[in-house]
Visitor: 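What follows is a single structure, and I will ask about it in a moment.
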Amino acid sequence: MSNITLAPEASDSLPALSKPTGLLSWIASVDHKQIGIMYMITALIFLVIGGVEALLVRLQLIVPNAQVLSPQTYNQMFTMHGTTMIFLVLMPMLIGFGNYFVPLMIGAYDMAFPRMNALGLWLLVFGGLLMYYSFLIGQVPDGGWFMYAPLSEQPYTSHRGTDYWALSILVMGIGSTTGAINFIVTVLTMRAPGMTLRRMPLFVWTTFATAIIILFAIPILNAGLAMLEADRLLGARFFNRGGGSPVLYQHVFWAFGHPEVYILILPVFGIISEVIPVFSRKPIFGYEFVAGSSFIITFLSFGVWAHHMFASGLGIGFNAFTAFGTMLISVPTGIKVFSWIATMWGGKLRFTTAMLFAVGFLITFTIGGITGVTFAIVPTDWQTTDSYYVVAHIHYVFVGGTLFGIYAAFYYWFPKMTGRMLSEKWGKIHFWFNFVAFNLTFFIQHFLGLVGMPRRVYTYPDLPGWTTMNMISTVGAFLSGLAHLIFMFNVFYSLRRGERAGDNPWDAWTLEWATTSPPPPHNFDELPPVRSARPLWDLAHPEDPDWKRGH
Amino acid sequence: MFNPNSPQARDIVDLFFWSMVIGGVIFVLVTGLILYSVWRFRGRPGDGEPHQNPGNRKLEIAWTIAPTVLLAIIFVVTLSAMRRIDPDPAGQQPDVIVTGYSWWWHVEYPNSGVVTANEIHIPVGQQVLFQLKAADVIHDFWVPELGPKKDMIPGHPGNTVWLAADEPGIYLGACAEYCGTQHAWMRIRVIAHPQEEFDEWLRQQASIPAAPMSEELVRGAQIFQESTCVNCHAIAGTNANAQAGPNLTHVGSRLTLGAGIIDNTPENLGQWILNPHAIKPGVQMPGYNYSPADLRALVAYLGSLQ
Ligand SMILES: [Cu+2]
Ligand SMILES: [Cu+2]
């Protein structure tokens with residue numbers, strides 16, 4: 001045992017790692033900005049995939065008894081569409097923006113744990129590849145994005161689709177949990193001198209709140225997935241007959257699933273709270289209420305899960321409790337909407353594309369919020385749940401809400417990330433196209449649900465009005481697809497041809513605009529003093545700084 | 001849901017209507033304010049910065065309290081509506097027991113012992129208590145014009161729902177919980193009759209079908225009994241008493257086959273027996289290879305089961 005290699009003699013200088021270039025400089029990166037961009041690229045790629053799945057679904061429904069897809073393929077498509085959009089598009093997109101902008105907005109040089117940050121990204125990417133590998137072996141998940149037991153259990157689903165689904169979400173869940181810890185620690189420990197909690201930008205506040213939700217909600221899902229897999233692979237009995245209970249699965253899933261809705265909307269509230277003030281040329285109206293209401297939402301989001309289960313027969317007590325929580329949670333959301341309008345009130349509005357998407361968001365999200373309250377009125381939920389009315393509602397929240405917010409963020413922050421502006425001309429075409437096509441697709445679905453069309457059906461009988469309404473919806477979906485392509489085109493076009501942005505093209509006020517576009521690897525050469533939530537306003541207006549104001 | 005035909009369905013539509021009125025007022029208010037500010041406060045090139053107003057505590061408190069009060073009222077209304085629309089059956093025996101199978105409905109009338117499938121007959125003007133069960137995965141029983149929907153959960157036989165129809169007619173419904181390949185074609189027909197007509201229907205369904213008379217019918221009955229049909233289906237008065245498929249005792253009296261996917265005509269019935277997968281892919285019944293004469297006999301026999 002004498003030939004053990006010893007550490008090299010200290011007289012030799014250690015070999016220096018050469019600085020990676022090209023693709024490796026991205027893959028090996030632990031820089032929060034590169035990681036943020038890679039999150040966004042991953043999300044955009046999956047947006048195309050999930051979008052194609054949605055179009056196939058709508059194509060199958062264009063007329064009754066169409067045979068575009070077999071029933072089984074249809075079921076796979078709506079399962080993968082939902083799963084993809086939630087776990088591989090909206091969540092990574094928002095986490096990507098958080099990654100890029102939270103450190104910049106608090107004046108930090110990176111996230112608190114850069115390597116863990118990279119781990120989170122790659123777990124997402126590999127989780128996504130694992131999910132889609134199921135296509136290659138021809139055993140695609142088909143139990144819906146909610147994968148209810150016992151349908152998802154043996155013997156009702158004997159193929160491996162469910163296993164791919166559960167394991168890949170488990171992998172991504174580990175990634176997002178590490179990300180949540182990273183955000184929490186970053187916000188608590190890495191803020192620039194002078195940036196007290198009460199001076200943090202609202203996007204940072206909402207991302208912080210989101211991280212707390214992720215930290216508590218995703219482990220619940222992961223525990224549920226582990227139980228499901230124990231049932232499927234090891235013959236356990238958590239969720240099926242003979243000891244277990246299918247209702248337990250619903251509780252576990254929605255204890256994650258409803259907080260998830262807020263994971264997908266809170267960061268958007270933050271984005272809107274950045275965009276509207278800048279383009280109204282006024283500070284946010286009621287900063288404390290807007291920030292504080294995010295935490296009320298965080299707390300309440302864990303008490304409303306059973307409103308997905310009003311038809312399960314949980315009894316009047318449980319239903320009443322959840323209905324109450326659901327109504328209550330619309331109050332902090334309402335506070336934000338009123339604050340945004342009051343921010344616009346008395347401003348000097350600039351209708352950039354980012355602002356158009358923010359205003360479009362206000363309108364569509366309000367519709368989604370109002371239909372949301374009808375689910376808290378338990379008896380109306382007994383009619384509308386699991387019908388197309390819900391499909392309409394969730395798309396008003398996730399597309400008219402989350403995705404419009406994400407587009408606002410792109411138009412607003414693209415100049416910072418790339419140094420070039422997104423074309424405003426194409427941006428406006430994109431907005432109007434998207435806004436009209438979106439409403440064309442989804443508004444009519446409220447009525448489809450109300451006349452009795454259940455969701456997740458691969459076809460429907462030719463009842464009066466059903467065909468026309470479905471056809472309108474399908475046409476709208478294809479126009480929406482075109483709108484998203486206009487956006488993609490705008491990105492590629494502007495990356496080459498876009499106007500140079502400069503450091504602060506919008507005259508905005510938070511710290512990310514106090515450095516170059518794109519920022520250097522260490523983010524800031526020098527930070528301005530932070531004495532309010534709008535340090536760059538204070539810098540530009542020494543005669544009227546925010547910190548002299550109070551209300 | 002737009003054509004409610006029972007007190008509870010009307011109750012729900014009323015609730016929905018008022019929630020839409022309130023929601024509509026809020027929507028008009030919000031979009032009105034947005035559009036007004038968009039028009040009134042649009043900036044022009046060369047404008048200076050506007051007055052920097054960071055908020056107004058009183059206003060913020062007001063728009064926190066006002067919605068809370070409004071929602072508290074809606075909550076109280078909701079609570080009383082829940083009790084009204086879904087009262088506790090308090091130990092009352094169900095009038096109808098419906099069990100969801102993939103992808104059809106087993107229907108039982110415990111008081112008369114009648115068993116049928118997919119098409120549910122009820123008397124008009126009466127509250128009918130349904131007990132909802134599931135044989136395999138979760139299904140959900142939804143007839144929008146007659147009342148609320150409820151899940152059918154395997155291993156949880158406790159769910160009940162009250163439905164009623166004011167007028168005679170056929171009311172369409174469907175399974176509302178995703179339950180696999182043919183969730184789309186797990187449809188329901190509720191047929192409401194005046195009381196006497198309903199009693200007559202019940203009497204007829206409770207009877208055992210007359211023994212086949214003609215040669216063809218005898219042949220058809222024989223084919224049925226000698227085929228594997230008997231492993232899954234039941235026909236009262238014969239040896240066939242399995243429950244894995246719809247009860248066929250009076251299948252000839254039904255309007256549709258395959259939980260609503262095709263009309264019940266001899267032609268369709270023949271197609272169904274030869275290849276149900278071509279009609280309802282994934283269906284849990286095998287196809288059969290009969291000579292045209294045998295098929296005709298079998299179809300005639302099943303059709304005679306009125
Ligand atoms: Cu079903
Ligand atoms: Cu179903």
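In the text below, chain A, chain B and the rest are named by the order of the sequence lines, each starting its count at 1. No hydrogens, no waters, no symmetry mates; every other heavy atom, side chains included, goes into these values.
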Visitor: Less than 4.5 Å apart, side chain to side chain, heavy atoms only: is that true for B/Asn56 and A/Phe285?
Guide: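 Side chain of B/Asn56 against side chain of A/Phe285, heavy atoms only: contact under 4.5 Å found.
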Visitor: Would you mind checking which part of A/Pro461 comes under 4.5 Å of any heavy atom in chain B, side chain (CB onward), backbone (N, CA, C, O), both or neither?
Guide: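 When you check distances to chain B, atoms from both the backbone and side chain of A/Pro461 fall under 4.5 Å.
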Visitor: At a heavy-atom separation under 4.5 Å, does A/Val337 approach chain B through its side chain, its backbone, both, or neither?
Guide: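 When you check distances to chain B, only side chain atoms of A/Val337 fall under 4.5 Å.
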Visitor: Of the backbone (N, CA, C, O) and the side chain (C-beta and beyond), which part of A/Gln250 lies under 4.5 Å from a heavy atom of chain B, both, or neither?
Guide: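 Contact with chain B involves the side chain of A/Gln250 alone.
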Visitor: For A/Phe78, which atoms come within 4.5 Å of any heavy atom of chain B: side chain, backbone, both, or neither?
Guide: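 Contact with chain B is through the side chain of A/Phe78 alone.
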Visitor: CZ of A/Phe375 to OG of B/Ser19: how many Å apart, nearest 0.5 Å?
Guide: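 A/Phe375 atom CZ to B/Ser19 atom OG measures 10.5 Å (nearest 0.5 Å).
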Visitor: If I measure from the heavy atoms of chain B, does A/Trp340 come under 4.5 Å with its side chain, its backbone, both, or neither?
Guide: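 No part of it gets close to chain B.
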Visitor: Please check if atom CZ in A/Phe321 has more than 12 non-hydrogen atoms from other residues, nucleotides or ligands closer than 6.0 Å.
Guide: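 No, not enclosed.
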Visitor: For the pair B/Asp151 (side chain) and A/Gly313 (backbone), establish whether a donor and an acceptor sit closer than 3.5 Å, ignoring hydrogens and angles.
Guide: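 No.
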Visitor: What part of B/Thr68 is in contact with chain A, defined as an atom under 4.5 angstrom from a non-hydrogen atom: side chain, backbone, both or neither?
Guide: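 Both parts, heavy atoms under 4.5 Å.
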Visitor: Working to the nearest 0.5 Å, report the span between CD1 of A/Ile367 and CZ of B/Phe27.
Guide: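 One finds 4.0 Å between CD1 of A/Ile367 and CZ of B/Phe27.
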Visitor: For A/Tyr148 and B/Glu177, test the side chains for any donor-to-acceptor distance below 3.5 angstrom and give the result as yes or no.
Guide: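 Per modelled atom types, A/Tyr148 and B/Glu177 side chains form no pair under 3.5 Å.
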Visitor: Which atom names give the shortest non-hydrogen contact between A/Ala320 and B/Leu79, and what distance separates them?
Guide: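 Shortest heavy-atom contact: CB-CD2, 3.5 Å.
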Visitor: Consider side-chain hydrogen bond (donor to acceptor under 3.5 Å, both in side chains). Of A/Arg534, A/Lys282, A/Arg281, A/His541, which one does B/Gln52 pass it with?
Guide: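 Answer after filtering A/Arg534, A/Lys282, A/Arg281, A/His541: A/Arg534.
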Visitor: I'd like to check B/Phe16 versus A/Tyr389 (side-chain heavy atoms, cut-off strictly below 4.5 Å). Are they in contact?
Guide: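 In short, these two side chains touch, coming nearer than 4.5 Å.
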Visitor: Given that the side chain runs from C-beta out, which part of B/Leu132 has a heavy atom under 4.5 Å from chain A: side chain, backbone, both or neither?
Guide: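 Neither part.
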Visitor: Quick one: of B/Gly282, B/Gly24, B/Gly147, who has the most non-hydrogen atom pairs under 4.5 Å with chain A?
Guide: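 If we count pairs closer than 4.5 Å to chain A, B/Gly147 comes out on top.
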Visitor: Going by atom types alone, do B/Tyr178 and A/Asp386 pair a side-chain donor with an acceptor below 3.5 Å?
Guide: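 B/Tyr178 vs A/Asp386: no donor-acceptor pair found between side chains.
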Visitor: Decide if the gap between the ring center of B/Trp39 and the ring center of A/Phe351 is smaller than 6.0 angstrom.
Guide: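 Judged by ring-centre distance (under 6.0 Å), B/Trp39 and A/Phe351 do not meet the cut-off.
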Visitor: Does some side-chain heavy atom of B/Ile138 sit less than 4.5 Å from a side-chain heavy atom of A/Leu151?
Guide: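 No, every pair of side-chain atoms sits at 4.5 Å or beyond.
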Visitor: Would you indicate whether the side-chain heavy atoms of B/Ile153 and A/Val247 approach each other to under 4.5 Å?
Guide: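 Yes, at least one pair of side-chain atoms sits under 4.5 Å.
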Visitor: Heavy-atom pairs under 4.5 Å with chain B - which of A/Thr343, A/Ile341, A/Asn240 has more of them than the others?
Guide: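 Ranked by heavy-atom pairs under 4.5 Å with chain B, first place is A/Ile341.
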Visitor: Would you call A/Phe289 and B/Ile61 a side-chain contact if the rule is heavy atoms closer than 4.5 Å?
Guide: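 Result yes, sub-4.5 Å side-chain heavy-atom pair found.
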Visitor: So which of A/Thr385, A/Leu463, A/Thr374 has the largest heavy-atom pair count under 4.5 angstrom toward chain B?
Guide: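 Heavy-atom pair counts peak at A/Thr385.
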Visitor: Looking at B/Lys149 and A/Trp382, would you say the former's side chain and the latter's main chain have a donor-acceptor pair under 3.5 Å?
Guide: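 Yes.
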Visitor: Roughly how far, to the nearest 0.5 Å, is the CG atom of B/Asp86 from the CD1 atom of A/Ile316?
Guide: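 Going from the CD1 atom of A/Ile316 to the CG atom of B/Asp86 covers 7.5 Å.
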Visitor: Counting heavy-atom pairs under 4.5 Å to chain A, which of B/His51, B/Arg187, B/Arg40 comes out on top?
Guide: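 Result: the option with the highest number of such pairs is B/Arg187.
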Visitor: Would you check if A/Thr459 and B/Trp185 make a side-chain contact, meaning some heavy-atom pair closer than 4.5 Å?
Guide: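 Yes, their side chains come closer than 4.5 Å.
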Visitor: Given 3.5 Å as the limit, does a donor-acceptor pair link the side chain of A/Lys348 with the main chain of B/Pro50, or not?
Guide: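 No; zero donor-acceptor contacts below 3.5 Å.
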Visitor: Could you tell me whether the side chain of B/Pro154 reaches within less than 4.5 Å of the side chain of A/Pro246, counting heavy atoms only?
Guide: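 In short, these two side chains touch, coming nearer than 4.5 Å.
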Visitor: Which one of B/Arg44, B/Arg42, B/Met82, B/Lys150 has the most heavy-atom pairs closer than 4.5 Å to chain A?
Guide: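 The option with the most such pairs is B/Met82.
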Visitor: Who wins among B/Ile74, B/Val38, B/Leu33 for the most heavy-atom pairs under 4.5 Å with chain A?
Guide: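 Of B/Ile74, B/Val38, B/Leu33, B/Val38 has the most heavy-atom pairs under 4.5 Å with chain A.
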Visitor: Once you round to the nearest 0.5 Å, how far does CD of B/Glu49 lie from CG of A/Asp507?
Guide: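 Rounded to the nearest 0.5 Å, the CD-CG separation comes out at 7.0 Å.
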Visitor: Tell me, out of B/Asp136, B/Ile85, B/Ile22, B/Leu35, who's got the most heavy-atom pairs with chain A below 4.5 Å.
Guide: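 Of the candidates given, the most pairs with chain A belong to B/Asp136.
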Visitor: How many angstroms lie between CZ in A/Arg456 and SG in B/Cys175, if you round to the nearest 0.5 Å?
Guide: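 Output value for this atom pair is 11.0 Å.
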Visitor: How about B/His183 and A/Tyr458: do any of their side-chain heavy atoms sit closer than 4.5 Å?
Guide: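 In short, these two side chains do not touch, never coming nearer than 4.5 Å.
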Visitor: Mind listing the closest non-hydrogen atom pair of A/Ser387 and B/Trp142 along with its distance?
Guide: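 Distance-wise, the nearest heavy atoms are CB-CH2, 3.7 Å.
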Visitor: Looking only at heavy atoms and a cut-off of under 4.5 Å, which of A/Ser339, A/Pro71, A/Pro379 has the most pairs with chain B?
Guide: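 Among A/Ser339, A/Pro71, A/Pro379, the one with the most close pairs to chain B is A/Pro379.
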Visitor: B/Asp11 versus chain A, heavy atoms under 4.5 Å apart: side chain, backbone, both or neither?
Guide: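 B/Asp11 has no heavy atom closer than 4.5 Å to chain A.
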Visitor: Identify the heavy atoms of A/Ala311 and B/Asn159 that sit nearest to each other, and give their distance.
Guide: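 Closest approach of A/Ala311 to B/Asn159, heavy atoms only: O-ND2, 4.2 Å.
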Visitor: Find the distance between OG1 (A/Thr380) and CD1 (B/Ile12) and round it off to the nearest 0.5 Å.
Guide: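 Spacing of OG1 (A/Thr380) from CD1 (B/Ile12) equals 8.0 Å.
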Visitor: Considering only heavy atoms, which portion of B/Met186 lies under 4.5 Å from any heavy atom of chain A: side chain, backbone, both, or neither?
Guide: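 No part of it gets close to chain A.
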Visitor: Relative to chain A, which segment of B/Asn53 carries a heavy atom at a distance below 4.5 Å: side chain, backbone, both, or neither?
Guide: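 B/Asn53 touches chain A through backbone and side-chain heavy atoms alike.
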Visitor: Before we go on, tell me: are the rings of A/Trp345 and B/Tyr36 under 6.0 Å apart, centre to centre?
Guide: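 Ring-ring flag for A/Trp345/B/Tyr36: true, centres closer than 6.0 Å.
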Visitor: Just by distance, do the side chain of A/Gln383 and the backbone of B/Pro144 share a donor-acceptor pair under 3.5 Å?
Guide: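 Yes; judged by distance alone, with no hydrogens or angles, the pair exists.
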Visitor: Who among A/Asn319, A/Ile370, A/Val359 has the most heavy-atom pairs with chain B under 4.5 Å?
Guide: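 Looking at each of A/Asn319, A/Ile370, A/Val359 in turn, A/Ile370 comes out on top.
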